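Here the structure is a predicted model, which is why all the values come from computation and not from measurement.
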Amino acid sequence: MFIKNTWYVAAWDKEVGTDGLFARTIIGVPVLMYRKQDGEIVALEDRCCHRGAPLSVGRREGDCVRCLYHGLKFDATGQCVEAPAQPRIPPQARVRTFPVVQRHRWIWIWMGDQDQADPALIADTPWLDDPGWRSEDGYIHYDVNYLLICDNLLDFSHLPFVHPTTLGGGADYAASQPKVERLDNGVRITRWALDTDPPPFATAVKDWGGKVDRWNIYNFTVPAILLMDSGMAPTGQGAQQGEREGAIEFRGCQAITPETEHSTHYFFAHPHNFAIDQPQVTRSIHQAVVDAFEEDREIITAQHRSLSLAPDFKMVAFGIDAALNQFRWIVARRLEQEAAATRAVIPVVAVQTPAAPAVRV
Amino acid sequence: MFIKNTWYVAAWDKEVGTDGLFARTIIGVPVLMYRKQDGEIVALEDRCCHRGAPLSVGRREGDCVRCLYHGLKFDATGQCVEAPAQPRIPPQARVRTFPVVQRHRWIWIWMGDQDQADPALIADTPWLDDPGWRSEDGYIHYDVNYLLICDNLLDFSHLPFVHPTTLGGGADYAASQPKVERLDNGVRITRWALDTDPPPFATAVKDWGGKVDRWNIYNFTVPAILLMDSGMAPTGQGAQQGEREGAIEFRGCQAITPETEHSTHYFFAHPHNFAIDQPQVTRSIHQAVVDAFEEDREIITAQHRSLSLAPDFKMVAFGIDAALNQFRWIVARRLEQEAAATRAVIPVVAVQTPAAPAVRV
Amino acid sequence: MFIKNTWYVAAWDKEVGTDGLFARTIIGVPVLMYRKQDGEIVALEDRCCHRGAPLSVGRREGDCVRCLYHGLKFDATGQCVEAPAQPRIPPQARVRTFPVVQRHRWIWIWMGDQDQADPALIADTPWLDDPGWRSEDGYIHYDVNYLLICDNLLDFSHLPFVHPTTLGGGADYAASQPKVERLDNGVRITRWALDTDPPPFATAVKDWGGKVDRWNIYNFTVPAILLMDSGMAPTGQGAQQGEREGAIEFRGCQAITPETEHSTHYFFAHPHNFAIDQPQVTRSIHQAVVDAFEEDREIITAQHRSLSLAPDFKMVAFGIDAALNQFRWIVARRLEQEAAATRAVIPVVAVQTPAAPAVRV
């Protein structure tokens, strides 16, 4: 069960090329994406309305796609415009389309009610294509439900245990509780470490001449978007009050998109605003993040296997679960709202979509 | 759910050798086949009545088979005739037998009520062993429900799309609707292309001196047997009126036999009556068919995966579905008839088959 | 469904080393085993009470284990004694422990009610570590329900069919019915072959100067422990009356422990009291048993596959099933007793274990 009326990240912009067909399943629905000749992205349900063959094994014909089973041709609005030996195409011969928006290197998709697909609701990630920031594109595929990954990202007390040699976090990191604030559609987590030693990667790019103040502040919002402001500045200049002169900063952007109930897409990048003319710094930051995320995947996949064997397992709540429990509560409320809305409109839907007469397996 | 009271093709005759044991699952039932010393084929349920071990991992002893778990020996009627340390064998110690008929190279099996197993109901395929016709034996295993393969064979409008370089069909092939007639237990499909160019394989075996008339006429009958009459003759001599002088002809024989709900056996051959002294012609025709059938398997398997993800998917019917919809209707009606007949005799069955006392996992 | 209030063999003693963590699933429950610094074995549920991560991918810290997801630390009683950023640990933050007893090389575990875990109920296997007997340790993993293996061991009439070249048993072996006696918690099976030729392995270790009397007597008791007394003595001295002077003897010890409903652990050894200073004799006896058990695994796995396809299959009972039917009846009765006892205490359990407040996938 997934939230439908929300923007999910469906792909990095470069994944959907200027020709060809790109298939990806989003919240259980197979989606075909391609670019029209004017560059605009089309997203169609990847299943021919005739006998269910995937359109993504078909072929591009201009801005249209042809199913290579029986040759039905669909235009970019999903309408079937050609069928063999059939001069008149029934209007219901169409596949579903999904609103898509390309913004700051990510392609966002709306899987719910098209009337509600307001691009103003898309989370802002300008650092992904701002020339003052540099990052590499990250993607990992997970074989677990997306909420287990959300849990992980909502509780950084796991850092010293899962990532002792990569992200680490210091001996005192897990010991301090971050501030957790409720947002409209998520939570905001704030953690400051004042008057602390700069970590090795930071001393490599800058002479700090002493201690630093470090921060790590992120919003985690529906459906599962993490936007993080982290960095450090020389101690004493008032970073906590907003003075970031001489600081080095990151703007982590992460999007977790369910593929199915038991698998997930994970898009991420960690733009930084220092040493942006040194590709090897960007590379090394990216690699550290990838290594850490692989560590996460290992323990989360083990957790998933363990939970699969024990459907009645009752988790014991700890203080560190505050943020993840709040986020799961928000998700549950959104699902309830959507279920209630669907129940309300069922009679209307039934009238709009008469059952097709075809027989099937 | 499968039709039971019908003849299925179980094997090519050569698959069941003069010694040894041959196992194949037919409509979900594991079947053991072997030949008695007089050449007659025996078909037994491939599951020892004692503890369920497969008899096919046992051994032949004359016309009997011995289970190599505890040594029970069964004769060709399925009766247990020997059991260790047990002088008297209970009469209910037997495995089920199935009527089998070997005819024209195919071994047919009847999985339903033995009293109804009339060999006169077997479809006729004399071209498979007539010396005036030549073909090679074909078998493909599919991991989809058999009805998806039937659909494919009941709508040749897919030819130019799935088989552009193998069977093809010409640009105008998909554009013309074939004639579809209802038969008692299936459909008959007729397609003529008049005054057309002979295809490359035909010019290679004969100088036509001009255009040809081509035909493609097949019956597709329950359970899923396709018998096709196709060929071409010089234009103008009246092939459509039955004058086949100077024609080259094929008699395609195809049998689709469900293995389980999600897998299928596919037996086929394409006998031809020309160049029968040139094995390389037979070989090349066979290979073209095999290549085309592999193309079918690819798209049908993709369709199967797509449909598996969407149990509520409603297909939109097109004109090209006329034949397949009729055939599916016939299958559905046969299944209903068999279900009704089974409900009617349940009390009798209950009396005839007392529950065995054994305990099991 | 498995009997809970009984001792299962969980491991060979050497499998649980002096450091490190050993994971094994017993009757569907993942168990972590390790040795405290004083050598005592600890068995904990292998699933952190917090978010379900397996503790076995965590790390040892003295006699404790730390979960390497969020760093919760558990002591050998299963109590959580440390959690990040949480000074007070809730008492319900604990994982389940299981009574374990190491005895004669086997580690026994009790998966049921701890109050009933009486070590006096453990089957006695002194031959596994008695210096007067020699054997090698055996372990096989099976992908079938454990009862199919019990069936096999309760009916040795399969010997000449499954093991013609390994254990064999002679042409007349299957023909004679053994004596089957009911025990309190299992069955006792006795088979004597008098005045028979010594088998090849026996003539290799001793000059018998004539015929021998052979015996094969074993108890098969709940949950699934086979203890066998077998051997041979010169004919005429009265072995059947207890005179074992000059005999060679075996004391087979076998324990079948369910892993899940569809997989099983099989522990075994075949101590012998002759040629104990010749390791190659021990080796050769062990190898013959392993080879035979692999033959068993092949036929039982084939049987399992066959039965999986036919959930309604009714087995036909034969005389050779007497022992296995009795044993299955005992198992069924034990399961009913435990189910009845559980129903009786449900209200109490509900009071003792309040539902944890945590949300989960």
What distance separates [X] [atom1] from [Y] [atom2], expressed to the nearest 0.5 Å?
{"X": "B:Arg47", "Y": "C:Met315", "atom1": "CZ", "atom2": "CE", "result": "10.0 Å"}
{"X": "C:Leu309", "Y": "B:Asp46", "atom1": "CG", "atom2": "CG", "result": "10.5 Å"}
{"X": "C:Glu298", "Y": "B:Leu68", "atom1": "CD", "atom2": "CG", "result": "11.0 Å"}
{"X": "B:Cys49", "Y": "C:Phe318", "atom1": "SG", "atom2": "CZ", "result": "5.0 Å"}
{"X": "C:Asp155", "Y": "B:His70", "atom1": "CG", "atom2": "NE2", "result": "4.0 Å"}

Inset, instruction - Flag yes if more than 12 heavy atoms outside B:Lys4 fall under 6.0 Å of its NZ atom; otherwise flag no. - result: no
Inset, instruction - Using a cut-off of 6.0 Å, state whether more than 12 heavy atoms not belonging to C:Gln240 lie near its atom CD. - result: yes
Legend entry - C:Gly319 backbone acceptor or donor facing B:Gln86 side chain under 3.5 Å: yes
Inset, instruction - For C:Ser306 and B:Ala53, indicate whether the former's side chain and the latter's backbone hold a donor-acceptor pair under 3.5 Å. - result: no
Legend entry - B:Cys80 versus chain C, the contacting section by heavy-atom distance below 4.5 Å: side chain
Legend entry - Non-hydrogen side-chain atoms of B:Arg51 and C:Leu148 separated by less than 4.5 Å: no
Inset, instruction - State, yes or no, whether a side-chain contact exists between B:His50 and C:Asp321 at a heavy-atom distance under 4.5 Å. - result: yes
Inset, instruction - Taking all heavy atoms of C:Ile299 and all of B:Val57, pick out the closest pair and write down the distance. - result: CD1-CG2, 3.7 Å
